[in-house]
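A short worksheet on the structure shown next.
Note that the structure is predicted; figures quoted are calculated from it, not measured.
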Amino acid sequence: MNIQELFLLALMPVLKTLLIAVVGLYLALDHVSILTAEGRHHLNNLVFYVFFPSLCASGLISSSTATGIFSLWFVPVSILITFLVGSALGWILVKITRTPQHLHGLVIGCCAGGNMGNLPVIIIPAICAEKNNPFGDSSTCSINGMGYVSLSMGIGAIGIWSYVYNIIRAYGKRDNGDVSAYSKLRENCHTETSKRALDSTTQTLLPSSNSKGDEVSAELICQGSMDETKVSIPTIIEKKVKSLVEYIDLSVLFRPPTIATVIGIIIASISPIQNFMVGSGAPLRFVESSVVLLGEAAIPSMTIIMGANLLRGFKRSGVGIWLLFGIIVVRFVILPIIGVAVITVAKNLGMVGTDPLYHFVLLLQYAVPPAMAIGTITQLFEIGETECSVIMFWNYAVAAVALTLWSTYFMYILS
């Protein structure tokens with residue numbers, strides 16, 4: 001296939017995504033008022049708790065018959081590389097642009113965590129559906145491709161809800177201008193010395209919904225600030241480590257997409273369970289069919305929500321032009337170039353097999369815009385919500401062109 005044919009092939013799924021996103025944006029307009037804030041909230045819950053986990057599980061289960069799940073071990077390695085490199089570039093960016101402290105986590109998260117969910121889920125089946133695609137038979141291409149993408153979605157969700165979640169949370173707490181329970185508690189620690197007074201202050205200033213880990217963390221911080229001069233350095237270090245462990249909310253790892261990914265991997269890995277649930281003669285084949293049916297609703301729903309959420313970025317501004325430009329350069333220039341180098345080396349070392357579709361999915365991980373889940377995280381902590389909407393809007397606008405060009409180039413070097 002020549003460059004022009006590959007470009008048109010890569011353009012089709014992007015145009016489909018944009019069209020569905022525009023429908024979501026239109027439904028969210030004030031004078032239409034169909035997809036209101038409350039409506040988006042309920043639809044987002046359906047996607048997060050039902051549709052998206054079903055898609056992750058069904059994709060892994062369906063692909064297990066054609067692709068060995070353990071042969072895809074490089075997927076989490078590749079995603080880890082995107083997070084590490086993106087974080088380093090994001091940290092450099094916030095230093096160069098002198099980004100406000102409370103937005104450091106948002107910027108680093110946007111550079112590190114890519115959208116490995118709804119965009120690849122739309123792009124891969126759309127490319128496979130084309131008769132002249134470079135990846136072979138449409139049916140086999142779609143089944144294998146969804147397996148690769150489903151594993152990427154699950155691993156990516158773990159990264160977003162563990163690393164990005166905690167880094168946005170940490171930088172929001174560390175902001176000197178943030179009048180939060182954390183900062184208030186530190187201030188009161190200098191005057192409240194008795195345990196009863198400390199407990200009373202903690203209960204007053206910290207919301208009742210806070211986790212036990214936050215309370216323990218806050219107490220350790222207070223104790224550290226009062227007693228640092230009275231204890232040895234090893235004791236101080238031990239307290240800081242315990243504080244950090246309690247401060248990181250590990251419960252965010254056990255989210256529906258993550259649980260669904262684990263279940264999908266278990267079923268795909270254990271033949272007796274697979275034979276009992278997957279296939280035309282399986283006794284519980286109706287379970288797989290039901291999960292697949294629910295998963296099919298995820299793609300249009302996620303894209304409509306994405307379009308509706310981008311409306312806030314279209315209406316508002318407030319992010320520096322150089323910060324926006326820096327994030328765009330990181331996500332659509334530097335990371336894809338690094339991705340090509342990483343996957344090329346992995347191919348030469350025989351670490352990623354010979355399937356060009358697998359290589360394409362791995363390369364796509366480096367060229368996608370920031371994950372939409374980052375917007376949900378900023379809403380949870382009420383940190384940089386407006387700035388996140390602006391960043392998302394312009395990144396997804398640029399992605400319409402950048403993702404098409406990179407997809408064309410990836411298919412060219414793999415064909």
Side-chain angles (χ1 to χ4, degrees), residues 6 10 14 72-97 99 104-117 119-120 123-124 148-149 151-160 162-164 167 322-374 391-392 394-396 398-415:
L6 289 173
V14 175
L72 307 181
W73 65 270
F74 195 78
V75 170
V77 174
S78 177
I79 292 175
L80 177 62
I81 293 173
T82 66
F83 273 84
L84 293 176
V85 175
S87 297
L89 294 172
W91 182 83
I92 294 172
L93 179 61
V94 297
K95 297 300 180 182
I96 293 175
T97 59
T99 305
H104 283 198
L106 171 62
V107 175
I108 295 174
C110 286
C111 292
N115 186 337
M116 298 173 193
L119 282 183
I123 291 172
I124 298 301
Y148 304 148
V149 172
L151 184 59
S152 294
M153 283 192 297
I155 303 299
I158 294 174
I160 294 295
S162 57
Y163 174 71
V164 176
I167 201 170
W322 289 113
L323 179 60
L324 272 175
F325 179 75
I327 295 175
I328 290 171
V329 168
V330 168
R331 289 243 55 112
F332 300 115
V333 179
I334 302 177
L335 277 177
I337 293 174
I338 293 174
V340 171
V342 170
I343 304 306
T344 300
V345 171
K347 283 174 58 180
N348 293 336
L349 295 177
M351 301 170 69
V352 291
T354 58
D355 185 1
L357 178 60
Y358 181 36
H359 303 160
F360 180 76
V361 172
L362 290 173
L363 288 168
L364 207 58
Q365 295 172 355
Y366 294 84
V368 290
M372 293 300 296
I374 296 175
I391 291 171
M392 290 296 175
W394 288 108
N395 271 269
Y396 277 80
V398 172
V401 177
L403 194 54
T404 302
L405 294 175
W406 279 114
S407 297
T408 303
Y409 177 70
F410 294 157
M411 286 189 288
Y412 177 75
I413 62 176
L414 293 172
S415 59

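- With rounding to the nearest 0.5 Å, the separation of CD1 in I160 from CD1 in I374 is 5.0 Å.
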Given side chain to side chain contact (heavy atoms under 4.5 Å, CB included), test I327 with V330 step by step and report yes or no.
CA-CA 5 Å; I327 295 175; V330 168; 5.7 Å; no
List the steps, then state whether side chain to side chain contact (heavy atoms under 4.5 Å, CB included) holds for I108 with Y163.
CA-CA 10 Å; I108 295 174; Y163 174 71; 4.0 Å; yes
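- Applying the side chain to side chain contact (heavy atoms under 4.5 Å, CB included) test between W406 and each of L335, V333, I337, V401 identifies I337 as the sole match.
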Please report, to 0.1 Å, the donor-acceptor pairs under 3.5 Å made by any side chain of residues 151-159, with sequence neighbours excluded.
| from | atom 1 | to | atom 2 | distance (Å) |
| --- | --- | --- | --- | --- |
| S152 | OG | Y148 | O | 3.1 |
| S152 | OG | Q365 | NE2 | 3.0 |

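- For F410 against A367, the heavy-atom pair with the smallest separation is CE1-CB, 4.0 Å.
- Between I81 and L84, every side-chain heavy-atom pair lies at or beyond the 4.5 Å cut-off.
- Remark: side-chain polar atoms of H359 are paired, donor with acceptor, to backbone N or O of G353 under 3.5 angstrom.
- How far CD1 of I391 is from CD1 of I328: 9.5 Å, rounded to the nearest 0.5 Å.
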Going through the distances and angles, do F360 and I124 end up as a side chain to side chain contact (heavy atoms under 4.5 Å, CB included)?
CA-CA 9 Å; F360 180 76; I124 298 301; 3.6 Å; yes
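- The CG atom of L323 sits 4.5 Å away from the OG1 atom of T99 when rounded to the nearest 0.5 Å.
- Proximity of V361 to P120: side-chain heavy atoms (C-beta onward) are nowhere separated by under 4.5 Å.
- Residues V340 and Y366 fail the side-chain proximity criterion, which asks for heavy atoms closer than 4.5 Å.
- Using modelled atom types, no side-chain atom of S407 and backbone atom of T404 make a donor-acceptor pair closer than 3.5 Å.
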Start with the C-alpha gap between S78 and V342, add the side-chain angles, then the distance that decides, and say whether side chain to side chain contact (heavy atoms under 4.5 Å, CB included) holds.
CA-CA 8 Å; S78 177; V342 170; 5.5 Å; no
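- In this structure the side chain of T97 never reaches within 4.5 angstrom of the side chain of F325, judged on heavy atoms.
- Contact check for L363 versus Y409: no side-chain heavy atoms found under the 4.5 Å cut-off.
- Taking all atoms of both residues into account, the shortest heavy-atom contact from P356 to L414 is O-CD1, 3.4 Å.
- Between A399 and F332 the shortest heavy-atom distance is CB-CZ, 3.7 Å.
- Rounding to the nearest 0.5 Å places CG of L403 at 9.5 Å from CG of N115.
- Here the closest heavy-atom approach between residue A112 and residue S87 is recorded as CB-OG, 3.4 Å.
- Residues F74 and I343 are in side-chain contact: their nearest non-hydrogen atoms beyond the backbone lie under 4.5 Å apart.
- No side-chain heavy atom of I413 sits less than 4.5 Å from a side-chain heavy atom of T344.
- The closest side-chain heavy-atom distance from R331 to V398 is not below 4.5 Å.
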